[in-house]
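Here the structure is a predicted model, which is why all the values come from computation and not from measurement.
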Amino acid sequence: MAEIRVEFSKLRADARESVARANRRVVEVEKQVLETAELQLKLLDEIHASRAKLDRIQMVVEEAEQAGDLVILVSDLRALLE
């Protein structure tokens, strides 16, 4: 009977350690998920900002074409990109 208690205690301790390891891993994965989500949001912000700049450039080009101006000043385009 004592051997069974010892074995049961060992199994219980092993199970607790296994659960603790799993919980630590869950915390690590949750942290990675949050970091990934933050990076995705930053990338989306950059994509939206770049898209807005491209839209403005396209508008300037279209206006220049409509006005018959074939030369677009580089400084104008640089100002749009800033």
Side-chain angles (χ1 to χ4, degrees):
M1 190 69 163
E3 292 176 12
I4 293 173
R5 287 186 187 148
V6 169
E7 185 64 26
F8 180 75
S9 292
K10 184 180 181 301
L11 289 174
R12 186 172 43 199
D14 290 347
R16 285 182 179 153
E17 180 57 33
S18 179
V19 168
R21 276 195 311 272
N23 285 335
R24 287 191 297 271
R25 182 65 183 138
V26 167
V27 169
E28 291 173 15
V29 170
E30 286 174 341
K31 182 179 176 185
Q32 290 173 347
V33 167
L34 288 174
E35 290 171 354
T36 300
E38 289 172 357
L39 288 173
Q40 288 175 333
L41 287 174
K42 287 179 184 178
L43 286 173
L44 280 174
D45 288 343
E46 290 179 22
I47 288 169
H48 288 292
S50 295
R51 183 67 207 166
K53 288 178 184 179
L54 287 174
D55 289 344
R56 289 192 302 253
I57 290 170
Q58 183 176 2
M59 186 176 64
V60 168
V61 169
E62 288 172 358
E63 287 174 358
E65 288 174 345
Q66 289 175 359
D69 296 334
L70 297 177
V71 178
I72 299 173
L73 297 176
V74 174
S75 61
D76 290 343
L77 287 176
R78 283 190 181 148
L80 287 173
L81 293 174
E82 294 177 353

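Counting heavy-atom neighbours within 6.0 Å of Glu3 CD, excluding the residue itself, gives a total of 12 or less. No more than 12 heavy atoms of other residues, nucleotides or ligands sit less than 6.0 Å from atom CZ of Arg5.
At least one side-chain heavy atom of Met59 sits under 4.5 Å from a side-chain heavy atom of Glu63.
Rounded to the nearest 0.5 angstrom, Ser50 OG and Leu43 CG are separated by 10.5 Å. Rounding to the nearest 0.5 Å gives a distance of 11.5 Å between CD of Glu28 and CG of Asn23. Here CG of Leu54 is found 11.5 Å from CD1 of Ile47. Values are rounded to the nearest 0.5 Å. Interatomic distance, Lys42 NZ to Asp45 CG, rounded to the nearest 0.5 Å: 10.0 Å. Taken to the nearest 0.5 Å, the OG atom of Ser9 stands 12.0 Å off from the CD1 atom of Ile4. Residue Glu7 holds its CD atom at 8.5 Å from CG of Asp14, rounded to the nearest 0.5 Å.
Residues meeting the side chain to side chain donor-acceptor pair (under 3.5 Å) test with Gln58, sequence neighbours left out: Glu62.
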Inset, instruction - Would you check, one step at a time, whether the test salt bridge (charged side-chain N to carboxylate O under 4.0 Å, His left out) holds for Glu17 with Arg24? - result: CA-CA 11 Å; Glu17 180 57 33; Arg24 287 191 297 271; 3.3 Å; yes
